[in-house]
Amino acid sequence: DAAGVLRADFVRQPSVANYRVLLDFAAGVDRAVTEHTWALDHARELAASDRFAAGAILVQLHMSDGDIDAAWQAADRYGPGWAWKELAVRGADARPVDAADLYRPQLEKDLQHPNSALYPDIAERLATMAELYEKGGRSADFASFMSQIRQDYGRRPALMKALDAKRL
């Protein structure tokens with residue numbers, strides 16, 4: 001059974017590409033709903049059991065279906081995993097503040113140790129966050145966040161220069 005082979009490929013390597021192949025085949029043999037349901041159920045099982053990837057696969061599958069709300073729900077429940085940046089970009093219109101907050105964990109990690117090579121990129125991410133907070137009507141919350149960053153890392157002149165360059 002070809003559907004069984006394609007399911008096995010998806011189990012072996014869950015990805016949007018394998019998901020799309022399965023769904024494309026299923027559409028041609030009148031099994032689209034069955035295979036779609038099976039693939040999403042399998043991705044949910046992976047998300048519930050796999051702490052490393054969290055809900056990354058499930059989030060990506062929903063985004064590939066064009067269902068950003070379902071992608072956000074999956075991220076809320078299981079975490080976005082390594083799909084965080086894709087969700088932040090593609091989900092920004094639906095939930096701008098939540099999209100901005102997806103940048104925080106990596107920012108916190110990048111700010112743990114002084115590294116002037118990272119500061120322009122950090123400032124760029126913060127500028128993106130500022131735009132998203134403004135779009136979500138929460139500019140004051142972002143201003144408070146920036147104030148805390150400037151207070152916590154004020155002794156890093158290269159970081160302050162990068163923030164000033166972005167008018168943050």
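These values consider heavy atoms only, across backbone and side chains, with no hydrogens, waters or symmetry-generated copies.
Each of Val59 and Val16 belongs to its own hydrophobic cluster when Ile, Leu, Val, Met, Phe, Trp and Tyr are linked at side-chain heavy-atom distances under 4.5 angstrom. Under the 4.5 Å side-chain heavy-atom criterion for grouping Ile, Leu, Val, Met, Phe, Trp and Tyr, Trp72 is not connected to Leu40 through any hydrophobic cluster. Residues Leu61 and Val89 are members of separate hydrophobic clusters, defined by side-chain heavy-atom contacts under 4.5 angstrom among Ile, Leu, Val, Met, Phe, Trp and Tyr. Leu58 and Ile68 are not part of a single hydrophobic cluster, where members link through side-chain heavy atoms under 4.5 Å apart. Note on Tyr78: it does not cluster hydrophobically with Leu102, by side-chain heavy-atom contacts below 4.5 Å among ILVMFWY residues.
Annotation: side chain of Arg20 is in contact with side chain of Asp65 (closest heavy-atom distance under 4.5 Å). Counting only heavy atoms from C-beta outward, the side chains of Asp110 and Asn115 never approach each other to under 4.5 Å. Between Tyr153 and Leu163 the shortest side-chain heavy-atom distance does not fall below 4.5 Å. Residues Leu6 and Asp9 meet the side-chain proximity criterion, which asks for heavy atoms closer than 4.5 Å.
Residues satisfying the side chain to side chain contact (heavy atoms under 4.5 Å, CB included) criterion with Ser139, sequence neighbours excluded, are Glu134. Residues passing the ring-ring contact (aromatic ring centres under 6.0 Å, His included) test with Trp84, sequence neighbours excluded: Tyr103. In this view, Val29 and Phe25, Arg31 satisfy the side chain to side chain contact (heavy atoms under 4.5 Å, CB included) rule, not counting sequence neighbours. Partners of Tyr119 according to the ring-ring contact (aromatic ring centres under 6.0 Å, His included) rule, which considers only residues two or more places apart in sequence or in another chain, do not exist here. Arg104 meets the side chain to side chain contact (heavy atoms under 4.5 Å, CB included) test with Asp101, Glu108, Met129, Tyr133, Phe145; sequence neighbours excluded.
Rounding to the nearest 0.5 Å places CG of Leu126 at 8.0 Å from CG of Leu159. Interatomic distance, Leu23 CG to Glu35 CD, rounded to the nearest 0.5 Å: 8.0 Å. Rounding to the nearest 0.5 angstrom, the gap separating the CG atom in Leu168 from the CZ atom in Arg150 is 7.0 Å.
Between Asp41 and Arg44 there is a salt bridge, since a side-chain N of the basic residue sits under 4.0 Å from a carboxylate O of the acidic one.
In this structure a side-chain-to-backbone donor-acceptor pair under 3.5 Å is missing from Ser147 to Ala143. No donor-acceptor pair under 3.5 Å is formed between the side chain of Arg138 and the backbone N or O of Val97. Formation of a donor-acceptor pair under 3.5 Å by the Arg156 side chain with backbone atoms of Ser116 is not found in this model.
For the residue pair Ala27 and Ala32, the shortest heavy atom distance occurs at CA-CB, 4.1 Å.
Ring geometry, His42 versus Phe10: the interplanar angle exceeds 60°, so the pair is classed perpendicular (tilted spans 30 to 60°).
Listed by first and then second residue, the salt bridge (charged side-chain N to carboxylate O under 4.0 Å, His left out) pairs that reach into residues 114-124 are Asp121-Arg125, Glu124-Lys166, sequence neighbours excluded.
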